[in-house]
Amino acid sequence: MSKFWSPAIRSLVPYTPGEQPKVLNLVKLNTNENPYPPAPGVTEALHAFPTERLRLYPDPDAGKLKNVLAAHHNLNAEEVFLGNGSDEVLALAFMAFFRHEKPLLMPETTYSFYEVYCDLLNIDARRIPLDSEFRINLDDYQQDNGGIIFANPNAPTGIALPLARIEQLLQQNPDTVVLVDEAYVDFGAESVIPLIKRYPNLLVTHTFSKARSLAGMRIGAAYGHPDLIDGLQRVKNSFNSYPLDMLAIEAATASMQDDAYFRETCKRIMDTREHTTAALTGKGFKVLPSAANFIFVTHPERDARELMQQLRNENILVRYFTRPGIDQFLRITIGTDAEMAQLIEKL
């Protein structure tokens with residue numbers, strides 16, 4: 001610990017990203033990446049990009065992409081915000097909406113970056129346990145708050161909430177921001193974006209890293225009432241005016257223009273997820289019902305950490321969590337059919 005560190009970061013525990021190995025020939029099922037390449041139009045757009053333009057700054061608002069996303073979701077451009085991956089968008093949202101005297105409500109077991117943002121920004125967070133089936137129970141969120149955040153589907157469990165139940169929560173909390181992180185929504189859950197026109201306190205975040213196969217480009221979005229988007233813009237322009245580079249804008253725009261490819265790859269992942277779930281259930285594993293591109297599994301007679309190491313010895317990477325309550329689970333990203341067959345064989 002350096003004497004030059006600010007006091008606020010001395011006790012900070014940073015987020016730990018999933019391992020990005022430096023060796024080849026691994027079956028990588030640990031970071032929820034898409035096993036399929038981006039839409040073919042992405043390659044075409046990047047190959048055709050005039051590199052002499054890179055001497056200029058990109059559009060600070062990424063207007064080209066913003067307009068495409070607005071049209072896709074039946075929104076206005078003023079209801080769309082873009083950032084350098086959904087992690088940055090979430091960080092800006094925490095800064096803009098959740099620094100209040102009242103606590104931010106969030107699941108005790110969820111995307112662990114939320115906890116890091118709270119510690120970094122000195123946000124009082126109240127972590128609400130999942131129920132006995134590892135589900136978010138929104139009845140537990142009927143309490144005074146300075147905001148609510150949850151992922152739908154939740155991570156790392158993969159379990160999704162129904163649209164109607166989230167709308168009830170919005171009706172019950174009209175005076176604070178409810179942020180729904182939909183990083184995995186395209187794999188079987190129902191988006192709440194259609195509710196934006198009716199609920200000015202609703203903010204929805206998306207990523208291009210999962211269903212759009214663009215994790216390497218770092219593209220995130222938020223959708224909400226223009227007042228919420230304006231709040232995000234104020235924070236963004238006090239931090240980084242140019243969050244998306246020119247190539248990211250071109251790649252994301254091209255991805256959005258190939259809806260057939262997007263739907264096809266999502267369906268392939270969902271089909272593989274169901275086949276894998278059935279196979280592991282047949283081997284005695286408990287697999288939580290997933291609407292994401294991963295599954296959360298445990299075995300009543302086998303230690304999760306030992307299973308993770310066993311798979312690693314077979315050149316298969318999965319994610320293990322040390323957090324109490326889920327430390328007997330593995331999170332397994334859905335890969336290709338061949339990759340999942342190899343996993344099933346080794347288990």
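By convention here, the first residue in the shown sequence is residue 1. Keep in mind that the numbers below use all heavy atoms, side chains included, and drop hydrogens, waters and symmetry copies.
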* Does NZ in Lys197 sit with more than 12 non-hydrogen atoms of other residues, nucleotides or ligands closer than 6.0 Å? -> yes
> Between Glu167 and Arg198, is a salt bridge (charged side-chain N to carboxylate O under 4.0 Å, His left out) present by the stated rule, with each step listed?
Replying inline: CA-CA 10 Å; Glu167 183 167 16; Arg198 301 205 299 273; 2.8 Å; yes
Practice problem: Look at the side chain of His100 and the backbone N and O of Lys102, then say whether any donor-acceptor pair between them is shorter than 3.5 Å. | Solution: no
- Verify, without hydrogens or angle tests, whether Asp245 (side chain) and Ala248 (backbone) share a donor-acceptor contact under 3.5 angstrom. yes
Step-by-step side-chain contact (heavy atoms from CB on, under 4.5 Å) determination, Met340 to His275: CA-CA 9 Å; Met340 302 317 289; His275 297 155; over 6 Å; no
dist Leu288:CG -> Phe134:CZ (nearest 0.5 Å) comes out at 6.5 Å
ask   = Is it true that Leu307 and Ile334 fall in one hydrophobic cluster, defined by side-chain heavy atoms closer than 4.5 Å?
value = yes
Task: Tyr111 side chain to Asp87 side chain, donor-acceptor N/O pair below 3.5 angstrom - done: yes
field: Working for side-chain contact (heavy atoms from CB on, under 4.5 Å), residues Arg126 and Gln143
entry: CA-CA 11 Å; Arg126 184 170 297 161; Gln143 52 183 288; 2.6 Å; yes
Intermediate values then yes/no, side-chain contact (heavy atoms from CB on, under 4.5 Å), Tyr223 and Leu202: CA-CA 8 Å; Tyr223 306 98; Leu202 171 63; over 6 Å; no
| said: Heavy-atom count check: over 12 atoms from other residues, nucleotides or ligands less than 6.0 Å from Arg302 CZ? | reply: yes
Quick one: sort the Phe296 and Phe329 rings into parallel, tilted or perpendicular, breaks at 30° and 60°. parallel
* Asked: What do you reckon, is NZ of Lys283 surrounded by more than 12 foreign heavy atoms closer than 6.0 Å?
  -> yes
The reported gap from CG in Leu311 to CD1 in Ile316 (rounded to nearest 0.5 angstrom) is 5.5 Å
Can you tell me if Asn201 uses its side chain to pair, donor with acceptor, with the backbone of Asn173 under 3.5 Å?
yes
(Q) Closer than 3.5 angstrom, by distance alone: can the side chain of Arg99 be matched with the main-chain N or O of Met95 as a donor-acceptor pair? (A) yes
### Message
Any side-chain to backbone donor/acceptor pair from His73 onto Leu75? Under 3.5 Å, distance only.
### Response
no
- Might you confirm whether atom CZ of Arg165 has over 12 heavy atoms from other residues, nucleotides or ligands at distances under 6.0 Å? yes
Looking only at heavy atoms, the pair that brings Pro153 and Gly158 closest together is CB-O, 3.5 Å
Task: ILVMFWY cluster, Leu90 and Leu232 together (side-chain gap under 4.5 Å) - done: yes
**Prompt:** Counting N and O atoms only, with roles assigned by atom type, does the side chain of Thr336 sit under 3.5 Å from a partner on the main chain of Glu339, one being a donor and the other an acceptor?
**Reply:** yes
Phe239, CZ: over 12 other non-hydrogen atoms inside 6.0 angstrom: no
- Step-by-step ring pair (Phe, Tyr, Trp, His ring centres under 6.0 Å) determination, Phe98 to Tyr117: CA-CA 10 Å; Phe98 296 147; Tyr117 296 143; over 10 Å; no
Taking Val297 as the starting point, is it possible to reach Phe187 by hopping between hydrophobic residues whose side chains are less than 4.5 Å apart? yes
Is it the case that the side chains of Thr322 and Asp327 hold a donor-acceptor pair, with the cut-off being a distance below 3.5 Å and no angle test?
no
In this structure, CZ of Phe150 is separated from CD1 of Ile148 (nearest 0.5 Å) by 7.5 Å
Partner of Leu161 under side-chain contact (heavy atoms from CB on, under 4.5 Å), picked from Asn154, Val192, Ile166, is Ile166
*asked:* Donor-acceptor pair, distance only, cut-off 3.5 Å: does the side chain of Thr333 make one with the backbone of Asn32?
replied: yes
- Item | CA sep, side-chain torsions, deciding dist, call: Tyr184, Asn293, side-chain contact (heavy atoms from CB on, under 4.5 Å) | CA-CA 7 Å; Tyr184 303 100; Asn293 69 333; 3.2 Å; yes
query = Strictly by modelled atom types, are Arg312 and Gln309 linked by a side-chain donor-acceptor pair under 3.5 Å?
reply = no
Are Met308 and Ile332 co-members of a hydrophobic cluster defined by side-chain heavy atoms under 4.5 Å apart?
yes
Are side-chain heavy atoms of Gln142 and Gln172 found at a separation under 4.5 Å? yes
Should the ring pair Tyr242 and Tyr57 be called parallel, tilted or perpendicular, given that the plane angle runs from 0 to 90° and is split at 30 and 60? parallel
Query raised in the report: Leu105 and Val180: same hydrophobic cluster, using ILVMFWY side-chain contacts below 4.5 Å?
Result: yes
- Is the backbone of Asn30 close enough, under 3.5 Å, to the side chain of Arg331 for a donor and an acceptor to pair up by distance? yes
Rounded to the nearest 0.5 angstrom, the OG-CZ distance for Ser86 and Phe208 is 11.0 Å
Exercise for review: Would you kindly say whether Tyr114 and Asp181 are connected by a side-chain donor-acceptor distance under 3.5 Å?
Suggested key: yes
TODO: Check the surroundings of atom CG in Asp139: do more than 12 heavy atoms from other residues, nucleotides or ligands lie under 6.0 Å from it?
DONE: yes
In this structure, CE of Met106 is separated from CD1 of Ile136 (nearest 0.5 Å) by 11.5 Å
Separation between CG (Leu214) and CG (Asn34), nearest 0.5 Å, reads 9.0 Å
**Message:** Can a side-chain donor-acceptor contact be found between Thr298 and Gln328 if the only test is distance below 3.5 angstrom?
**Reply:** no
#### Entry: Side-chain ion pair, Arg234 and Asp230, N-O less than 4.0 Å
no
- Query: Distance-only, no hydrogens or angles: does the Thr265 side chain make a donor-acceptor pair with backbone N or O of Phe262 under 3.5 Å?
  - Reply: yes
Do Gln171 and Tyr199 pair up side chain to side chain, a donor and an acceptor below 3.5 Å, judged on atom types alone? yes
Checklist entry - Where do Arg323 and Glu115 land on the salt bridge (charged side-chain N to carboxylate O under 4.0 Å, His left out) test, with the steps shown first? => result CA-CA 13 Å; Arg323 182 186 291 268; Glu115 187 172 349; 3.0 Å; yes
Note: Pro107 and Ile149 closest approach over all heavy atoms is CD-O, 3.3 Å
Check your understanding: Can Arg268 be said to sit on top of Tyr36's aromatic six-ring, NZ or CZ under 6.0 Å from centre and within 45° of the ring axis?
Key -> yes
Exactly one candidate in Ile295, Thr277, Thr157, Ile159 meets side-chain contact (heavy atoms from CB on, under 4.5 Å) with Ser290; the answer is Ile295
Discussion item. Under a 3.5 Å threshold, yes or no: a donor from one side chain and an acceptor from the other, between Thr207 and Arg212?
Written reply: no
Can any side-chain N or O of Glu88 pair as donor or acceptor with the backbone N or O of Gly85 at less than 3.5 Å? no
